[in-house]
Amino acid sequence: MSTIALLDGNNFYVSCERVFRPALQGRPVVVLSNNDGCAIARSDEAKALGVRMGAPWFQIRHLQRDAGLVAVSANFALYGDMSDRMMSLAAGLGHAQEVYSIDECFIDLTGMPGDLAERARKVQARIRQWIGIPTCIGLGPTKTLAKLANHIAKTADRKPGSYPAHLARVCHLGDMPLAQRAQYLADTAVDEVWGVGPRLGAKLDGVGIRTAQDLAQAHLPTIQRKWGIVLAKTAQELAGIPCLPLETNPPPRQHIAFTRSFGQPVTQLPDLAQAVSEFAARAAEKLRRQHSVASQVMVFIRTSLFRPGSKPHRVYQTVPLALPSSHTPALQKAALQALDAMYQSGFLYAKAGVILHGIQSATAAQLDLDWGAAMPPANPRLMQTLDSLNQRYGRGTLRFATMAHPQQATVWAMKQERLTPSYTTSWAELAVAR
DNA sequence: TCTGGGGTCCTAGGACCC
DNA sequence: TCTGGGGTCCTAGGACCC
């Protein structure tokens with residue numbers, strides 16, 4: 001019997017901010033998305049005020065005055081660094097780890113001796129003490145049951161009464177009698193299950209599958225025929241049969257995107273070109289980080305989705321590359337070509353993006369036998385040097401002339417009015433002890 | 001006035017081929 | 001009145017995840 005754990009940081013972005021601003025403890029706090037657009041993390045106190053995930057800031061702003069709500073702009077450099085620290089401590093829980101997202105990981109404890117829930121509590125206490133992040137840990141025989149155990153651990157903490165209090169913060173669904181586990185599954189709505197979203201949840205409800213236990217016991221061939229292989233695997237995992245392996249070495253990404261909404265609408269081609277040039281460079285950085293090359297560059301521009309009365313204008317264009325490349329100028333050139341081909345004046349553009357497709361390994365990339373008039377192969381050391389200088393001295397230290405100066409105010413810049421310092425990743429922004 | 005960003009997988013349907 | 005069968009590849013769209 002295997003044992004998998006799922007560990008995640010509670011309200012992760014908020015908890016990261018609280019580590020460096022203890023005055024935020026106990027207060028309603030939200031972290032805002034890029035452009036300070038909507039709430040992407042909420043403290044328990046903010047949830048209690050009724051702030052929904054993804055709530056637009058302009059709709060909840062009044063809670064600042066009415067309820068003492070504090071809002072901060074997302075600081076992803078800080079959260080990424082805190083995540084690395086949390087993940088390395090979490091890895092000590094078992095013998096293999098899959099980092100599943102910025103705030104959660106699966107850990108394989110199969111075959112480990114002793115009381116595994118007790119072991120989980122020790123790791124949890126260490127993360128709390130050393131990093132300052134509160135966590136919940138769920139354990140079970142499959143990834144889906146570990147997820148569900150984690151959900152129980154979180155919910156028993158936040159909404160007492162929904163599950164027994166002793167399951168709060170650490171819940172092990174693998175070390176209890178099967179009838180007991182079945183009871184907890186029966187107490188869990190089917191749309192709380194990992195892999196069942198609101199749409200599937202509603203459809204399942206329509207055929208009488210209302211709880212996790214209903215899905216675990218459903219007729220498998222019927223599930224597969226009506227809803228596909230993904231839900232069939234979920235159902236089996238709920239029944240305790242592992243179908244989803246631990247991904248300890250995540251495969252390279254098949255698409256790489258860099259997209260942004262603008263702080264204010266953009267109308268002019270030169271401004272869009274500067275933004276698209278920047279986005280292409282940032283996507284190229286990500287591409288090189290995973291040692292890949294791309295063979296197609298897709299660019300889109302679009303107006304706001306939310307302007308009442310007018311249909312949004314959304315266009316995209318894909319430009320193939322003569323040679324698969326990760327060379328920033330080659331990708332920028334293709335991106336600007338795509339932009340030129342589809343730009344029309346007279347629209348208020350709200351968002352643009354560059355998405356790289358046709359990704360393959362840089363070492364395996366096939367050389368074009370006849371590159372004739374195409375660009376000669378780029379010297380990879382130029383891009384390596386650019387990346388290492390920008391990593392060491394800060395983004396924008398070395399850049400291409402089509403891009404904006406990092407200190408230049410661009411019309412397309414993001415709005416981030418509540419940004420906290422990068423306490424752990426910038427020497428200039430270290431916290432000062434007095 | 002003001003609504004994020006980045007991924008995955010699966011499926012259906014069309015184009016094309018033999 | 002009558003019009004095959006089977007396979008691959010690609011794309012768009014839908015569902016899900018954080």
Side-chain angles (χ1 to χ4, degrees), chain A residues 6-13 30-42 51-62 64 71 73-76 79-80 83 98-106 143-144 147 150-151 190-204 224-234 243-244 247 250-265 279 282-283 286-287 289-290 295-296 298 300 302-308 312 314 316 318 320 348 350-359 414-418:
Chain A
L6 180 88
L7 176 148
D8 77 346
N10 301 346
N11 314 326
F12 186 66
Y13 298 164
V30 292
V31 173
L32 299 178
S33 66
N34 285 332
N35 283 313
D36 296 342
C38 52
I40 54 171
R42 308 158 292 157
V51 176
R52 304 269 291 269
M53 187 63 173
W57 174 234
F58 72 90
Q59 288 176 1
I60 56 174
R61 186 160 42 197
H62 64 94
Q64 285 180 111
S73 301
N75 185 339
F76 292 110
Y79 312 148
S83 172
E98 170 186 343
V99 175
Y100 177 67
S101 75
I102 192 164
D103 74 327
E104 59 189 278
C105 62
F106 289 101
K143 288 169 87 171
T144 304
K147 265 297 226 193
N150 176 276
H151 172 76
V190 73
D191 62 359
E192 310 275 8
V193 170
W194 186 42
V196 180
R199 294 203 168 79
L200 261 178
K203 288 183 199 163
L204 289 171
Q224 174 154 354
R225 183 167 41 80
K226 288 187 82 165
W227 285 287
I229 184 76
V230 176
L231 191 68
K233 285 185 180 176
T234 297
C243 298
L244 305 172
E247 301 270 2
R253 305 259 178 249
Q254 299 174 40
H255 320 287
I256 288 178
F258 196 97
T259 72
R260 284 291 178 275
S261 299
F262 304 132
Q264 52 180 306
F279 298 173
R282 299 287 289 275
K286 295 193 202 176
L287 186 64
R289 215 173 299 143
Q290 68 166 32
S295 54
Q296 290 153 38
M298 201 261 261
F300 73 83
R302 73 158 202 228
T303 58
S304 172
L305 289 170
F306 300 101
R307 289 171 62 83
R314 182 186 200 284
Y316 56 90
T318 302
L348 298 173
K351 181 172 181 177
V354 173
I355 303 171
L356 306 177
H357 293 274
I359 289 178
M414 280 196 300
K415 206 164 56 182
Q416 288 184 301
E417 291 168 350
R418 303 153 178 276

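Each chain gets a letter, A, B and so on, in the order its sequence line appears, and its residues count up from 1. In this text, all values refer to a predicted model and were calculated from it rather than measured experimentally.
For A:Pro198, the side-chain atoms get nearest to C:dC16 when compared with the rest of C:dC16, B:dT11, B:dG5. Here the nucleotide nearest the side chain of A:Val230, chosen from C:dA15, B:dG4, B:dC10, is B:dC10. Ranking B:dG4, C:dC18, B:dG6 by closeness to the A:Arg260 side chain, first place goes to B:dG6. When distances are taken from the side chain of A:Trp194 to each of B:dG5, B:dG4, C:dC18, the shortest belongs to C:dC18. In the set B:dT11, C:dC18, B:dG6, B:dG6 carries the atom at the smallest distance from any side-chain atom of A:Phe258. The side chain of A:Asn34 lies closest to B:dG4, out of B:dG7, B:dG4, B:dT8. Out of B:dT8, C:dC18, B:dG5, the shortest distance to the side chain of A:Gln254 is found at B:dT8. In this structure, the nucleotide among B:dC2, C:dC16, C:dC18 sitting nearest to the side chain of A:Arg199 is C:dC16. For A:Tyr100, counting side-chain heavy atoms from C-beta on, the closest listed nucleotide (B:dC9, B:dG6, C:dC18) is C:dC18.
The partner of B:dC18 is C:dG5, judged by Watson-Crick or G-U wobble contacts that both fall below 3.5 Å.
At a threshold of 4.0 Å, the pair A:Lys143-A:Glu247 does not count as salt-bridged, since none of the basic side-chain nitrogens sits closer than that to a carboxylate oxygen.
The distance from atom CG of A:Leu287 to atom C1' of B:dG6 is 15 Å, rounded to the nearest whole Å. Separating the CD1 atom of A:Ile359 from the C1' atom of B:dT8 is a distance of 13 Å, rounded to the nearest angstrom. Going from atom NZ of A:Lys233 over to atom P of C:dC17 covers 16 Å, rounded to whole Å. Distance CD (A:Glu247) to C1' (B:dC9): 12 Å, rounded to an integer number of Å. Taking atom CG of A:Asp8 as the reference point, atom P of C:dC18 lies 9 Å away to the nearest angstrom. The interatomic distance linking A:Leu244 (CG) with B:dC10 (P) rounds to 11 Å, in whole Å. Rounded to whole Å, the distance from CD on A:Gln59 to P on B:dG4 is 11 Å. For A:Ile40 and B:dG5, the CD1 to P distance is 10 Å, given to the nearest whole Å.
Contact annotation: A:Lys203 side-chain N/O to C:dG14 OP1/OP2 distance is not under 4.0 Å. Distances shown here put a side-chain N or O of A:Lys147 below 4.0 Å from the OP1 or OP2 atom of C:dC18. Of the side-chain N and O atoms in A:Ser33, none sit less than 4.0 angstrom from OP1 or OP2 of B:dT3. The shortest distance between the side-chain N/O atoms of A:Lys351 and the OP1/OP2 oxygens of B:dT3 is not below 4.0 Å. Dashed line: the shortest gap from a side-chain N or O of A:Ser261 to OP1 or OP2 of B:dG5 is under 4.0 Å.
Below the 3.5 angstrom threshold, one finds a donor paired with an acceptor across the side chain of A:Arg61 and the base of B:dC2.
The aromatic rings of A:Trp194 and A:Phe106 lie tilted to each other, with the angle between the two planes from 30° to 60°.
Counting heavy atoms from C-beta outward, A:Arg289 and A:Arg253 have side chains that stay 4.5 Å or more apart. Between A:Phe76 and A:Asn34, some side-chain heavy-atom pair lies under the 4.5 Å cut-off.
Counting all heavy atoms, side chain and backbone alike, A:Thr259 lies closest to A:Gly353 at CG2-CA, 3.6 Å. Smallest separation of non-hydrogen atoms from A:Lys286 and A:Ala257: NZ-O, 2.7 Å.
Residue-environment remark: CZ (A:Arg199) stays at or below the threshold of 12 foreign heavy atoms within 6.0 Å.
Positionally, the nearest nucleotide of DNA chain B for A:Trp57 lies more toward the 5' end than for the other of A:Trp57 and A:Ile256. Each of A:Pro265 and A:Gly228 has a nearest nucleotide on DNA chain B; the 5'-most of these lies closest to A:Pro265.
A:Ile102 comes within 4.0 angstrom of nothing in the nucleic acid, heavy atoms only. At the heavy-atom level, A:Leu32 lies nowhere under 4.0 Å from the strands shown. Looking at heavy-atom distances under 4.0 Å, A:Asp36 makes no contact with the nucleic acid at all. The residue A:Val193 sits close only to the backbone: its heavy atoms come under 4.0 Å of sugar-phosphate atoms, none of a base.
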